[in-house]
Amino acid sequence: MYSMQECCKMTGLNYDTLKYYCNEGLIPNVKRDKTNNYRVFDDNDINWIKSLICLKKCDFSLKEIKQYIELCLKGKESIAERKQMLANHRKEIENKISALNETLAFIDWKTDLYEKFESGELEYYSYLIKK
């Protein structure tokens with residue numbers, strides 16, 4: 001069993017975030033030690049918390065995470081629904097990646113253009129400065 005501090009070190013969460021997740025019910029079946037009634041975590045909890053962190057990175061809302069947890073707790077029968085939730089977020093992430101790649105291409109093009117202006121390869125122009 002791991003303490004809150006140990007769990008934080010293992011998952012990279014800060015103490016307040018871990019406590020918040022516990023209080024919001026995002027970590028089901030949290031256990032407490034018998035001596036001080038402190039929260040304690042086992043390896044399954046640690047693995048779930050790492051999954052939870054990934055869901056947050058996928059832009060799952062708290063409501064969606066709670067729905068996902070409910071589905072997980074139903075077991076195998078809810079796999080199709082969970083897969084659909086993940087597929088929906090995958091599509092959103094693919095769209096964001098595409099938009100970011102377009103942004104990077106613009107930055108690369110603009111940087112290359114500025115280098116050509118600086119080297120004299122191209123005569124400087126601007127769409128903002130009237131001639």
Side-chain angles (χ1 to χ4, degrees):
M1 297 301 250
Y2 307 103
S3 68
M4 289 275 288
Q5 293 292 348
E6 291 169 321
C7 182
C8 288
K9 286 179 186 172
M10 296 171 78
T11 62
L13 290 178
N14 68 48
Y15 187 91
D16 290 330
T17 301
L18 180 57
K19 185 176 178 182
Y20 175 77
Y21 286 172
C22 289
N23 290 341
E24 285 294 313
L26 301 180
I27 305 169
N29 309 314
V30 173
K31 293 157 279 309
R32 300 230 176 216
D33 75 2
K34 293 177 182 167
T35 308
N36 299 310
N37 201 34
Y38 293 150
R39 290 180 181 97
V40 291
F41 305 88
D42 61 21
D43 289 327
N44 287 331
D45 297 322
I46 300 298
N47 288 327
W48 166 248
I49 293 166
K50 289 177 181 178
S51 294
L52 173 61
I53 292 167
C54 287
L55 293 174
K56 289 293 293 170
K57 287 179 183 176
C58 292
D59 288 335
F60 272 66
S61 67
L62 291 180
K63 181 180 176 182
E64 289 174 311
I65 291 172
K66 288 178 181 182
Q67 180 184 4
Y68 187 84
I69 290 168
E70 287 177 27
L71 292 171
C72 288
L73 292 172
K74 288 182 179 179
K76 191 175 180 178
E77 70 186 58
S78 68
I79 287 176
E81 290 173 88
R82 288 183 268 162
K83 280 176 54 181
Q84 187 59 53
M85 288 181 80
L86 293 170
N88 292 343
H89 278 272
R90 179 180 178 80
K91 185 64 180 163
E92 290 174 20
I93 290 168
E94 287 172 345
N95 291 339
K96 287 179 183 180
I97 290 170
S98 177
L100 288 170
N101 282 330
E102 289 174 15
T103 303
L104 283 174
F106 171 80
I107 289 170
D108 291 343
W109 169 77
K110 203 65 162 171
T111 300
D112 184 56
L113 182 64
Y114 290 152
E115 288 173 359
K116 289 177 180 176
F117 289 157
E118 288 178 327
S119 71
E121 185 179 336
L122 278 179
E123 185 177 331
Y124 179 78
Y125 66 89
S126 171
Y127 298 127
L128 300 176
I129 299 173
K130 295 181 182 180
K131 290 187 177 186

Applying side-chain contact (heavy atoms from CB on, under 4.5 Å), name anything that partners Lys63, two or more places apart in sequence or on another chain. Ser61

What residues join Met1 in its hydrophobic cluster, counting side-chain heavy atom gaps under 4.5 Å, either direct or through other members? Val40

Can you pull out every salt bridge (Lys or Arg N to Asp or Glu O under 4.0 Å) where at least one residue sits in residues 16-25? Sequence neighbours excluded, please. Glu24-Lys66

Just verifying a value: how many Å separate Leu62 CG and Leu55 CG, rounded to the nearest 0.5 Å? 11.0 Å

Can you list every pair that meets side chain to side chain donor-acceptor pair (under 3.5 Å) and has a residue in residues 78-88, with sequence neighbours left out? Ser78-Arg82, Gln84-Asn88

Checking Tyr124 now: which residues fulfil ring pair (Phe, Tyr, Trp, His ring centres under 6.0 Å) with it, not counting sequence neighbours? Phe117

For residues Met85 and Leu71, report the shortest heavy-atom separation together with the two atoms involved. SD-CD1, 3.7 Å

Checking side-chain polar atoms at under 3.5 Å, does Asp43 have a donor or acceptor matched by the opposite partner on Tyr2? yes

I'd like to check the side-chain contact (heavy atoms from CB on, under 4.5 Å) partners of Glu77; sequence neighbours left out, ordered by chain and number. Lys74

Any side-chain donor paired with an acceptor under 3.5 Å for Asn14 and Thr17? yes

Show me the donor-acceptor pairs within less than 3.5 Å that the side chains of residues 6-13 make with the rest of the protein, sequence neighbours left out.
residue : atom : partner : partner atom : Å
Glu6    : OE1  : Ser3    : N            : 2.7
Glu6    : OE1  : Ser3    : OG           : 3.4
Thr11   : OG1  : Cys7    : O            : 2.9
Thr11   : OG1  : Leu13   : N            : 3.4

Show me the donor-acceptor pairs, under 3.5 Å and distance only, between side chains in residues 102-111 and residues at least two apart or in other chains.
residue : atom : partner : partner atom : Å
Thr103  : OG1  : Ala99   : O            : 3.0
Thr111  : OG1  : Ile107  : O            : 2.8

Please tell me whether Tyr125 and Leu128 are part of a single hydrophobic cluster in this structure, the criterion being side-chain heavy atoms less than 4.5 Å apart. no

Compare all side-chain heavy atoms of Glu115 with those of Glu121 and state whether any distance is below 4.5 angstrom. no

Atom CG in Leu26, atom CD1 in Ile49: separation rounded to 0.5 Å? 10.0 Å

With Tyr68 via side-chain hydrogen bond (donor to acceptor under 3.5 Å, both in side chains) - residues at least two apart: none

Keeping to residues at least two apart or across chains, list the ring pair (Phe, Tyr, Trp, His ring centres under 6.0 Å) pairs with something in residues 27-52. none

CD1 (Ile27) and CD1 (Ile69) are apart, to the nearest 0.5 Å, by 8.5 Å

Kindly compute the distance separating CD1 (Ile79) from CG (Leu86), expressed to the nearest 0.5 Å. 11.5 Å

Are Ile93 and Ile65 in one and the same hydrophobic cluster, where Ile, Leu, Val, Met, Phe, Trp and Tyr link if side-chain heavy atoms are under 4.5 Å apart? no

Does Lys31 use its side chain to pair, donor to acceptor, with the backbone of Asn29 at less than 3.5 Å? yes

Locate the shortest heavy-atom distance separating Asp42 from Asn44; write the atom from each residue and the value. OD1-N, 3.0 Å

Qualifying residues under side-chain hydrogen bond (donor to acceptor under 3.5 Å, both in side chains), relative to Asn23, sequence neighbours excluded: Arg39

Output all residues satisfying salt bridge (Lys or Arg N to Asp or Glu O under 4.0 Å) with Asp112, sequence neighbours left out; order by chain, then residue number. Lys116

Side chains of Glu94 and Lys91: does their closest heavy-atom pair fall under 4.5 Å? yes

Hphob cluster co-occupancy, Leu73 + Tyr21, side-chain heavy atoms under 4.5 angstrom: yes

